[in-house]
Amino acid sequence: MSWDPGPDSLDFELNPYGHSLVFSSRYYQLLGKRKDLPIYACKEQFMTAIEKSQVVLVEGKVGSGKTTQVPQWCVEFVHGHRYQSGIVGCAEPADLVTCAVAQRVTDEMDLVFGEEVGYCTALEDFSTQETILRFVNDSVLLREIAVDPLLERYGVIILDEVQRRTVATDLTMALLGDILSQRSDMRVVVVTTSIQAGNFQSYIGACEVVKVPGAGDSTTEIQHTQDVVHDGKCVEEAVKRVTDIHANDGDNGDILVFLADEKEVQEACRRLRDVDDLPAPLQIIPVFPSLSHNQLHGLYDVPDEEQEPTGQGLEEHPGNEDTPEEVVENDGNETEDSAHDGDEEDDDTISGERPRKVIVATDIADSCLVVDTVGFVVDSGRVRQEVFNARVRATQDLVSLISRLSADQRADLASLRPGKPGKCFRLYPEDFTEDLAAFPNPEIHRVNLTPWILLLKRLGVEDLLKFDFPDPPATEFLSGAMNQLKHLDAVDETGCLTDLGAIMSEFPVDPQLARTIIASCEYGCCEDILTIAALLTVPPVFLRPPEAAQAADDVRRRKFARAGSDHLALINVYHAFRQNYQDELWCSSNYLNFDALRMTDDIRQYFGAILERLELGPCEDSEPKTEEERVKNIKRALAEGYFMQVAHDLDGTGNYFIVKETQVVQLHPTTCLDSNPGWVLYHEFVLSERNYITTLTEIEPQWLFDIAPKYFDPTNLPQGEARRRFHSILVKSELAVPGKPAREWAGPGVAQPAAPRNFHSQAGRGPVQHGQMRERKEEDDDDSKLCVVS
DNA sequence: GTTCCCTGA
């Protein structure tokens, strides 16, 4: 380790953690601000608590400084113990926040971003062996448990924003209980805006509790509308409210607007830019989760070169800063990873009068991103969330009302300016607040659990009913997930992980897709399936801007459509993108998402590296000889994973039946299919105005018997058309045993599950070894063994 | 004749 053990107090003049031993003036400048944070008064209490207790629960309102200060205190703790138990890991619920907080904390500690303090998200690992404080995305931490079951590199784990109740945080909290019992030297710090949001105290049991007193010197005045504002009117109403505030409320605090989703945010920003009779210019800043952290332009004031005139010794922090009036809790300080690539931001600066900011955000800004120059909040009270319908196994994106906790947090954000009161305008009537749920609904209650359950199985959880979930999901969710995993042969009849399931769990994708990737080795179409898998994993590649919808449709169908398969169309897009030198302009003129396509290669190579590591690869003898055979093999490989997601044409009118669910669905209009094939496999079933299945490939029903004979045994199917059809297919196929009545076809010896396949994997070579996950860069260079597709 | 993606890398 490259730092010297030093004094335990950060107030000492030498930096105990960094290479350069003397603190910069910037450090003191930030320290002054840190001392004003409400949480600063709790430091001693916290340090005593963590010495004494394995688990510390910290509760504090938004803006109290929890997210930036607690990790630093934990570093002091592990430093004091000479890192004997490990370093500090801090789990955050979103990538945007993970990186932003890491940058801010690096700055406050006067260290080097990516060295002593680093971060790790799905896409990036910006940390080293020397890192002592590592911010990680919560699902990345959960996956780390698979390779490091006792999380031995960490002496302290911080779970931040626990009240958001992401699946990954919930599961990690449950698993940590077990880890702590085996590691008496480890500490866990649970950080939340509200202990009540999950009965955390009774869930955790014995622990020390640190409650941060409220800031208290200013409160938010809240106004409600008289009437309900309907979904379609929210954007308009919010824009009107912003222009009103700007025209009439002179104290010039910034304005923070909460809308339901990215689409509304973009729409509101567009309208605000179009308003032409403003008394003074506004700086419009959209914020939503899929922004990359270097797109948070202007959220925090960034003087860049123009530092406060104090600046000596700031070389280590090019571009990192913020103004004195800003405290950032989780904040992203602005910018772009200066440390990554030195990208310069030429934002407006706050020299003199800066324009008033209007930050238009989704719920990601409820608690994770704090801007303390805000004086006005406009809250639509809504959020768009994915809701999984376990009965029909379909996702639905619904706009729902936020919880009272979120509503209160949003209001609190209006009064973080020292000594100045704030105002919150809620776009809903006052009596609505009584109908709001008190706390956010845990995500584990509303998403498809199949991938998460596979991960738990991989982590050695035997009995899910006995697993200590903070809030157990409905048994319907658990059994639905287990059934899917059984059909996929990922777990056996007794619920134990199979060898195939262990292999599937290596892939950071849905189990169906993992199964398809593995199957592609047998069908000699790895390269094509890896391309499809990568494209199904990145954000949608086809764009459809409202003003050019027709043109986008035309291009998609003319240039990329391929008979009978949207999946094959994706392959066409990928190759066309490469043939056109991965050109951004080419993408926009073809209505393709450049950012998504640019990510595809990395992900594709990563999946390929997993196959290699597992010693799974294309079988030479299964290489397709003809184009026709190649297409057929791709489709069959898809069917190996997605056989539970097939639908058949009911009557030639475009109404399709989902085989097992007796649901009638339509093919989504964006499909490239130009006719209505008899049988299709789909990637997703979305419930919206109508029931649609999307990303489709035509298949032959006979394949389904080969792949999953038991699943498609007619006697297991509901009464109806699908059953009749399978019956007749079966009669024609050689599987039919003459003279036996149909209902016995599923009997022993006739339609057994497919024999376990040889996955070319060496027995006993299962789990990933620690560290392999990040070694891919080297591996990738010699994957020449995988064939290249024309 | 029109869903949005919190996340895995």
Side-chain angles (χ1 to χ4, degrees), chain A residues 91-98 120-125 136-144 146 161 164-171 260-264 266 288-290 362-364 368 383-388 394-399 440 442-444 446-448 451-452 454-455 458 504-511 513-514 530 533-534 536-544 546 549-550 552-553 556 593 596 599-610 654 666-671 683-695 768 772-777 780:
Chain A
E92 297 290 341
D95 283 356
L96 189 64
V97 180
T98 307
C120 182
T121 64
L123 286 165
E124 300 166 294
D125 185 356
V136 289
N137 169 288
D138 58 0
S139 44
V140 171
L141 181 66
L142 186 59
R143 275 200 165 250
E144 280 183 18
E161 303 285 349
R164 292 182 88 89
R165 307 302 308 273
T166 63
V167 177
T169 303
D170 267 17
L171 296 182
D261 58 25
E262 177 180 336
K263 211 177 195 170
E264 288 189 4
Q266 304 271 34
F288 43 86
S290 61
T362 65
D363 72 322
I364 189 162
C368 303
V383 61
R384 185 177 289 277
Q385 283 181 329
E386 183 182 314
V387 176
F388 181 68
T395 53
Q396 199 166 9
D397 279 295
L398 294 175
V399 173
E443 192 187 12
I444 205 165
R446 21 168 266 262
V447 299
N448 176 14
W452 298 106
L454 179 61
L455 188 55
R458 166 59 188 274
M504 284 163 63
S505 73
E506 293 287 321
F507 291 89
V509 298
D510 281 338
L513 188 54
L530 287 173
L536 290 173
T537 303
V538 299
V541 290
F542 292 113
L543 297 178
R544 202 165 180 279
Q550 189 62 48
D553 289 348
R556 191 176 63 243
N593 184 345
M599 292 161 72
T600 314
D601 264 322
D602 274 353
I603 292 167
R604 194 179 173 287
Q605 288 187 14
Y606 181 80
F607 292 166
I610 297 174
Q666 265 79 44
L667 309 186
H668 198 276
T670 53
T671 182
H683 183 245
E684 251 183 336
F685 174 14
V686 289
L687 298 171
S688 54
E689 297 290 296
R690 308 168 81 175
N691 295 343
Y692 284 114
I693 50 176
T694 71
T695 316
V768 209
Q772 280 184 338
M773 228 161 158
R774 299 289 162 191
E775 280 169 14
R776 65 193 147 108
K777 292 289 179 246
D780 288 345

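Note on naming: letters A, B, ... go to the chains in the order of the sequence lines (proteins, then strands), and numbering restarts at 1 for each one. Keep in mind that what you see is a predicted model, and the values were worked out from it rather than measured.
Annotation: side-chain contact (heavy atoms from CB on, under 4.5 Å) contacts of P540(A) (sequence neighbours excluded): none. Qualifying side-chain contact (heavy atoms from CB on, under 4.5 Å) partners for T166(A), counting only residues two or more places apart in sequence or in other chains: P93(A), D138(A), A168(A), T169(A), E443(A).
If you take CZ of R446(A) and P of dT7(B), they are 13 Å apart, rounded to a whole angstrom. Atoms CG (D95(A)) and C1' (dC6(B)) sit 9 Å apart, rounded to a whole Å. If you take CG of N593(A) and C1' of dC5(B), they are 12 Å apart, rounded to a whole angstrom. Atom C1' of nucleotide dC5(B) and atom CZ of F388(A) are separated by 15 Å, given to the nearest angstrom. Atom C1' of nucleotide dT7(B) and atom CE of M599(A) are separated by 11 Å, given to the nearest angstrom. Between L141(A) atom CG and dT7(B) atom C1' there is a gap of 13 Å when expressed in whole angstrom units. Distance E92(A) CD to dT7(B) P: 13 Å, rounded to the nearest Å. Rounded to whole angstrom, the span from the CG atom of D553(A) across to the P atom of dT3(B) amounts to 13 Å.
In this structure a side-chain-to-backbone donor-acceptor pair under 3.5 Å is missing from R165(A) to P440(A).
S139(A) comes within 4.0 angstrom of sugar-phosphate atoms only, judged by non-hydrogen atoms across all strands, and of no base. In this structure, E443(A) reaches the bases: a heavy-atom distance under 4.0 Å links it to at least one base atom across the strands shown. Within 4.0 Å of F507(A), counting heavy atoms only, lies no atom of the nucleic acid at all.
Minimum atom distance to the side chain of K263(A) is reached by dC4(B), of the listed dG8(B), dC4(B), dT3(B). Set against dT3(B), dG8(B), dT7(B), the side chain of W452(A) has dT7(B) as its closest nucleotide. The V686(A) side chain lies nearest to dT3(B) when the options are dG1(B), dG8(B), dT3(B). Closest to the D510(A) side chain, of the nucleotides dG8(B), dC5(B), dG1(B), is dG8(B). The side chain of V140(A) lies closest to dG8(B) when the candidates are dG8(B), dT3(B), dG1(B). Minimum atom distance to the side chain of P540(A) is reached by dC4(B), of the listed dC4(B), dC6(B), dT7(B). Side chain of A122(A), nearest nucleotide from dG1(B), dT3(B), dT7(B): dT7(B). The listed nucleotides are dG8(B), dG1(B), dC6(B); the one nearest the side chain of N137(A) is dG8(B). Of the listed nucleotides (dC4(B), dT3(B), dC6(B)), dC6(B) has the atom at the smallest distance from the side chain of E386(A). Checking dG1(B), dG8(B), dT3(B) against every side-chain atom of T670(A), the shortest atom distance belongs to dT3(B).
In terms of heavy atoms, R384(A) sits closest to D397(A) at NH1-O, 3.2 Å.
In summary, of the residues considered (E262(A), E264(A), K263(A)), a side-chain contact (heavy atoms from CB on, under 4.5 Å) with Q266(A) occurs for E262(A) alone.
Side-chain nitrogen and oxygen atoms of R164(A) include none within less than 4.0 Å of the OP1 or OP2 phosphate oxygen of dC6(B).
Contact check on R556(A) versus D553(A) returns a salt bridge, with a Lys/Arg side-chain nitrogen under 4.0 Å from an Asp/Glu carboxylate oxygen.
When each of V509(A) and R556(A) is assigned the nucleotide of DNA chain B bearing its nearest heavy atom, the one mapping closer to the 5' terminus is R556(A).
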